[in-house]
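Basis for what follows: all heavy atoms, side chains included, without hydrogens, waters or symmetry-related copies. Each chain gets a letter, A, B and so on, in the order its sequence line appears, and its residues count up from 1. Predicted model only: the values in this text are computed from it and were never measured.
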There are 2 protein chains.
Amino acid sequence: MANDNKVWNQNDAIPSLVQSKRQIERYGLDVDAQAILVATRLLAAGTRLGHASEVHFARFGLSTGRYRVLVELEDSEGEALPSQLAENLGVTRATMTGLIDTLERDGLVSRRTSAQDGRQRSVILTEEGARRLQAMAPEHFARLEAMVGLLSIEERGVFLDLLGRVTQGISALTDETIEPNKPAGESKKKQHRSKG
Amino acid sequence: MANDNKVWNQNDAIPSLVQSKRQIERYGLDVDAQAILVATRLLAAGTRLGHASEVHFARFGLSTGRYRVLVELEDSEGEALPSQLAENLGVTRATMTGLIDTLERDGLVSRRTSAQDGRQRSVILTEEGARRLQAMAPEHFARLEAMVGLLSIEERGVFLDLLGRVTQGISALTDETIEPNKPAGESKKKQHRSKG
DNA sequence: ACAAATTAGTTAGGTGCCATACTATATTCA
DNA sequence: TGAATATAGTATGGCACCTAACTAATTTGT
């Protein structure tokens, strides 16, 4: 039995400043190595976050997406349209169909054809779905709290601010063209809190 | 032609403090809403980061993983073993096989059977693979730099520090049991969460 | 009224990554 | 020496999410 199951050895895959500098020098580019380091670490963290999230929700028989559907339903008095859910969760309607399929198979939601509009099939949170949410809540939130437990209260506030701006910056990766994203001028950071 | 393809509307799917509080109150839990907000925003950011990264590398005919393989090869003088690559990138050997398959199909790497050990098939960065890396470097690094462009130099340092600790905290999601991660320095945090 | 356009949801097919189980080649040691 | 074991790499099948194309129902325009 070669038990070589690797359970995410978090020591590897953390990019170093040396690596960033080496890459930049190799091609003689004019970019800031520190900025590249931050960006690269961020991407690595994103990968790990996504993976960890799936592992976490799998404990409760869910995936990240399916959990979010259940929560969204709970916040909508137990009923919502697939298109609403897709919109609120930021996934496509096709993806939402798949999420609902699995949730329905597991008995956590059910579908009902609308009387008003024959195209609509609203999604309903079942008793068991609500129970599942309730059952997982203590552990779920305790783990979330533990995740940021290495930050003090004040640091959490700072991190929220910085993360917010970095999150805005993600679009620099997906935009058609590169727009230089200046650091809020010479003054201080502010505004940009679009919604809450 | 209902062109309702959504190209990641970054306004949605950002969790609010109100949502966090509501969820916590619903189940009468004893957790800090601010901490939950940070954790939730972080997970959302992770999802977006992963997605954006794939979009970004797709521009160059690569994926996140395949790009990392090429870079790792470049850092290893153009040759490495699949198991080494898997180890360094933090993916399974099975995943590495798939990554190499695609890279080989695209002519960016080639495989060569080892003379020493018949089980080994080392991976070699081809000329075209090196050219691809060189060609994409300017835009790639410019976009990475732009991603963190909303942060000042000092803020980047702070963010690196906080991100490092939060990244450590990710294991709180994947660990078997919950261990209450306290900020360095504080010896007691009066945390009465005896989940079993 | 009725064809054209829009909308809701689904199906089909693709990518990225993973875990499990397998093949083939060393290595160990009784 | 030869059976048991470990190791390198791969095949298989799964999940999450995507885009594009499709079906069915509703609205719109003349």
**Q** Quiz question: going by heavy-atom distance under 3.5 Å, is there a donor-acceptor pair between the base of C/dG9 and the side chain of A/Arg93?
**A** yes
**Q** Using nucleotides 23-25 of chain C, report all nitrogen or oxygen pairs with the protein that are shorter than 3.5 Å.
**A**
from   : atom 1 : to       : atom 2 : distance (Å)
C/dT25 : O3'    : B/Gly118 : N      : 3.4
C/dT25 : O2     : B/Arg119 : NH1    : 3.4

**Q** By side-chain hydrogen bond (donor to acceptor under 3.5 Å, both in side chains), which residues pair with B/His140, not counting sequence neighbours?
**A** B/His56, B/Tyr67
**Q** Is any side-chain heavy atom of A/Leu89 closer than 4.5 Å to one of A/Thr95?
**A** no
**Q** With side-chain hydrogen bond (donor to acceptor under 3.5 Å, both in side chains) as the criterion, how do B/Glu128 and B/Thr126 come out once you've worked through the C-alpha distance, each side chain's angles and the decisive distance to 0.1 Å?
**A** CA-CA 5 Å; B/Glu128 185 170 345; B/Thr126 64; 5.7 Å; no
**Q** Could you tell me how far apart A/Gln120 (CD) and D/dA24 (P) are, to the nearest whole angstrom?
**A** 18 Å
**Q** Check whether any side-chain heavy atom of A/Leu150 sits under 4.5 Å from a side-chain heavy atom of B/Val166, and report yes or no.
**A** no
**Q** Closer than 4.0 angstrom, basic N to acidic O: yes or no for A/Arg165 and A/Asp161?
**A** yes
**Q** What residues in residues 58-67 of chain A put a non-hydrogen atom under 4.0 Å from any atom of DNA chain D?
**A** A/Ser63, A/Gly65, A/Arg66
**Q** Taking side-chain hydrogen bond (donor to acceptor under 3.5 Å, both in side chains) as the test, write out the residues that go with A/Thr64, two or more places apart.
**A** A/Ser53, A/Glu54
**Q** side-chain hydrogen bond (donor to acceptor under 3.5 Å, both in side chains) with B/Arg132: which residues, sequence neighbours excluded?
**A** none
**Q** Listed by chain and number, what are the salt bridge (Lys or Arg N to Asp or Glu O under 4.0 Å) partners of A/Asp117, not counting sequence neighbours?
**A** A/Arg119
